[in-house]
Amino acid sequence: MKIRIAGVIKESIVDGPGIRFVVFTQGCPFNCPGCHNTNTHDFLGGKLIDIKTIIEDIKRQKMLRGLTISGGEPLMQTEACLEIVKGVKPFLTDIIVYTGFTWEEICNQLPTNPQLTELLHQIDYLIEGRYLETERDLSLKYRGSRNQRIIDVAKTLEIGKIFIKDFD
Ligand code: SF4
């Protein structure tokens with residue numbers, strides 16, 4: 001299977017805690033005003049890459065704490081993201097997925113989207129919601145606007161209501 005990506009960063013310290021491999025997926029439908037990654041919007045842009053290549057690349061990085069999948073909009077390629085996550089999960093401490101969808105929008109999709117359901121059960125944190133310039137706050141960790149939430153996915157699924165993760 002292949003995934004369309006804008007690029008990767010093999011060792012990032014700004015996309016979540018610790019040293020992380022970051023995959024920037026290509027293609028986003030939201031077009032948030034003020035988005036810093038406009039090069040990732042075009043669904044025909046970036047490049048197609050074999051998922052096995054990404055998984056092997058991640059396994060080669062010995063200093064990693066985790067994987068972050070950003071975008072673009074990762075959930076427009078849920079199946080491919082799921083394959084990557086399943087391939088590297090045993091080697092990493094935690095996995096973060098960014099999405100422009102809100103938690104509530106994602107929950108509405110779950111009854112008809114088993115791959116999305118499985119992805120949520122495989123990852124640790126979801127950083128969700130569109131970027132809103134009116135809510136921009138440079139003091140926030142790992143997100144750009146106050147409406148965006150860092151959700152502890154396992155805990156949220158367990159208790160049935162949103163559980164916010166505080167990395168500060
Ligand atoms: S969801 Fe993210 S990548 Fe997509 S337009 Fe908004 S800020 Fe940019």
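Indexing begins at 1, ligand by ligand and atom by atom, following the structure's order. Treat the numbers as computed from the prediction; the structure is a model and nothing was measured.
For Arg65, the side-chain hydrogen bond (donor to acceptor under 3.5 Å, both in side chains) partners at least two apart in sequence or on another chain are Asp94. Taking Glu79 as the reference, nothing meets the side-chain hydrogen bond (donor to acceptor under 3.5 Å, both in side chains) condition, with sequence neighbours excluded.
Close placement of the Phe167 and Tyr125 rings is indicated, their centers lying within 6.0 Å of each other.
Proximity of atom 2 (Fe) of ligand 1 to the protein is not indicated, since no non-hydrogen protein atom lies closer than 4.0 angstrom.
Counting only distances under 2.8 Å, and ignoring water, the protein N, O or S atoms around atom 4 (Fe) of ligand 1 are Cys28 SG.
By the 4.0 Å N-to-carboxylate-O rule, Arg146 lies close enough to Asp137 to be salt-bridged with it.
With a 6.0 Å radius and a threshold of 12 heavy atoms from other residues, nucleotides or ligands, Lys155 has its NZ atom at or below the threshold.
Annotation for Leu138: hydrophobic cluster partners, listed by chain and number, are none (ILVMFWY side-chain heavy atoms under 4.5 Å, direct or chained).
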